[in-house]
Amino acid sequence: MTMSCDVMIVGAGPVGLAFARSLAGSGLEIVIVEQAEQDALKNPAPDGRAIALNHRSMAILERLDVAERIAPDHRSFLRKAEVLDGASPFTLVFDAAARNADTLGWLVPNHAIRRALYDSFVHHGGARLLTGVKAGAARRVPGGMAVSLSDGRVVEARLLVAADTRFSALRRQMGISAFMHDFGRSMIVCDMAHEAEHGDTALEGFFHGVTIATLPLTGRRSSIVVTLPSHEADPLMAGGPDAIAAMAERELRGRLGRLTPVAPPHLYPLVAVYAHAFHAERFALIGDAAVGMHPVTAHGFNFGLVSQHLLAGEVCKAVQDNEDIAAPQRLARYARAHRLETFPLFHATNGIASLYANETAPARFLRTAGLRLAHALPPVRDLVVARLTAGM
């Protein structure tokens, strides 16, 4: 059986669903293919990750009728962020008050964002969702792309969009290579209650080969993120949540008081990906399939939302102008805009992550010098805050 549509999206994760929502009302026939079962989209399980949403991302989610579907107890404020380097007396502080803003952004559990996007998608319709099937071989056909599915069906589309993770199989099939950096480190995330108030402040502390981040949640709770060499992460996970809490509490030197795990820990290997091209003939990449960020600067999902927003803008303009939705110049315009958004920060983030994972004397000197310089230059901090608080 062959199905025809205008746009086929592979991957019904948050970015894939957001893209479908962005195209709602365009008059295009859209098909989304997702290998997970529908119940996993409707009721996503907690995965430990807290997503930092900046003002631009929140504006996009509001436009898509998603923000209102996130329960208040799943939305916490991020008003300040502090960066520490071991026992260095210099602390780099990013404060929303520097821009007379109420907040730098918001922290929302990943599963709450996924559920809200799915609810909005179901409520507004506008696309056909095929779950429990896997996209297989893709090939070019006259005027479009054809993708074989694991259930024997074939979907033909004028535009094929991959939103199938940073290890995108479609990206490889289409001959698009990618820069890939395996940091050799893993991230353990675990929600914990604590004695002290967090003051809506996130902390990123670098302590002798171990990075501890605290992301403020509602009440006296934070998402605790421990990043360390992968060969050390597995034994720590094996020790259970209490061992993780004890380690984080020790490194934080009591900043949050006693830590008590309130959810199971989750382990994620750290691999950054940047596609060498964001499009090919009648094909485009969005989300992590285009840019998979190291989480140290908390831009990954924000960039994913921007990618779908930019591509949807080009597609909708093509519909309005009665042009081909996959015209090369439109896909190239999307790719150019997304590269300008992401390229500098992606490589800067990789550099920061590598520097702070390096415990050699030169690296420690550079870290201390960098913190001291940034501490002494308020305009640098103000630029970062301005970027976080900028809307649409």
Side-chain angles (χ1 to χ4, degrees), residues 1-34 38 41-42 57 59-69 116-131 133 135 138-147 149 153-164 170 174 278-287 289-290 304-338 392:
M1 176 183 174
T2 299
M3 304 168 52
S4 296
C5 62
D6 297 304
V7 180
M8 178 182 181
I9 306 167
V10 177
V15 174
L17 288 178
F19 183 56
R21 282 288 296 112
S22 293
L23 294 180
S26 64
L28 296 172
E29 189 172 352
I30 303 162
V31 171
I32 310 177
V33 174
E34 170 57 50
Q38 187 152 351
L41 302 179
K42 183 179 180 180
S57 292
I60 292 174
L61 293 179
E62 288 172 350
R63 179 179 295 181
L64 299 180
D65 186 31
V66 173
E68 297 79 1
R69 298 174 185 274
L117 272 160
Y118 178 81
D119 289 347
S120 176
F121 169 81
V122 170
H123 179 79
H124 291 277
R128 182 174 181 181
L129 176 60
L130 307 179
T131 58
V133 291
R139 67 184 188 279
R140 291 187 173 87
V141 294
M145 298 291 299
V147 179
L149 305 184
R153 286 180 289 182
V154 175
V155 180
E156 293 187 355
R158 291 196 288 154
L159 173 63
L160 173 61
V161 177
D164 56 342
L170 276 178
M174 299 305 295
F278 293 157
H279 74 103
E281 183 181 347
R282 298 198 170 274
F283 177 73
L285 299 168
I286 59 175
L305 278 181
V306 168
S307 70
Q308 66 80 29
H309 174 74
L310 293 172
L311 181 59
E314 291 296 336
V315 171
C316 290
K317 288 175 187 173
V319 172
Q320 293 169 5
D321 296 341
N322 199 28
E323 296 177 358
D324 183 358
I325 60 171
Q329 64 271 21
R330 289 211 174 269
L331 297 185
R333 191 177 297 126
Y334 152 69
R336 208 161 39 242
H338 194 39
M392 296 295 291

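Keep in mind the model is a prediction, meaning the values are calculated, not measured.
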Please report the closest heavy-atom contact between [X] and [Y], naming both atoms and the distance.
X: V31; Y: L130; answer: CG1-CD1, 3.9 Å
X: R140; Y: M145; answer: CG-SD, 3.4 Å
X: R158; Y: R282; answer: O-NH1, 3.0 Å
X: I32; Y: A20; answer: CD1-CB, 3.5 Å
X: Y334; Y: L285; answer: OH-O, 2.5 Å
X: L23; Y: S26; answer: O-OG, 2.6 Å

Stepwise side chain to side chain contact (heavy atoms under 4.5 Å, CB included) check, F278 with L311: CA-CA 10 Å; F278 293 157; L311 181 59; over 6 Å; no
Decide whether H124 and D65 meet the rule of one side-chain donor and one side-chain acceptor closer than 3.5 Å. yes
[atom2] on [Y] to [atom1] on [X], rounded to 0.5 Å:
X: R139; Y: L160; atom1: CZ; atom2: CG; answer: 12.0 Å
X: R69; Y: H123; atom1: CZ; atom2: NE2; answer: 5.5 Å
X: L61; Y: L117; atom1: CG; atom2: CG; answer: 6.0 Å
X: D119; Y: E68; atom1: CG; atom2: CD; answer: 12.5 Å
X: E323; Y: E314; atom1: CD; atom2: CD; answer: 10.0 Å
X: I286; Y: H309; atom1: CD1; atom2: NE2; answer: 13.0 Å

Is the closest side-chain heavy-atom distance between V147 and V33 below 4.5 Å? no
Measure the shortest side-chain to side-chain distance between R330 and D321 over non-hydrogen atoms and say whether it is less than 4.5 angstrom. yes
Backbone N/O of [Y] and side chain of [X]: donor-acceptor pair under 3.5 Å:
X: D6; Y: E29; answer: yes
X: S120; Y: L64; answer: yes
X: S22; Y: A18; answer: yes

Please state whether the rings of Y118 and F121 are parallel, tilted or perpendicular, taking 30° and 60° as the class boundaries. tilted
Going through the checks in order, is the side chain to side chain contact (heavy atoms under 4.5 Å, CB included) test met by L331 and L159? CA-CA 10 Å; L331 297 185; L159 173 63; 4.2 Å; yes
Mind running side chain to side chain contact (heavy atoms under 4.5 Å, CB included) on V7 and I325 for me, showing each step along the way? CA-CA 9 Å; V7 180; I325 60 171; 3.8 Å; yes
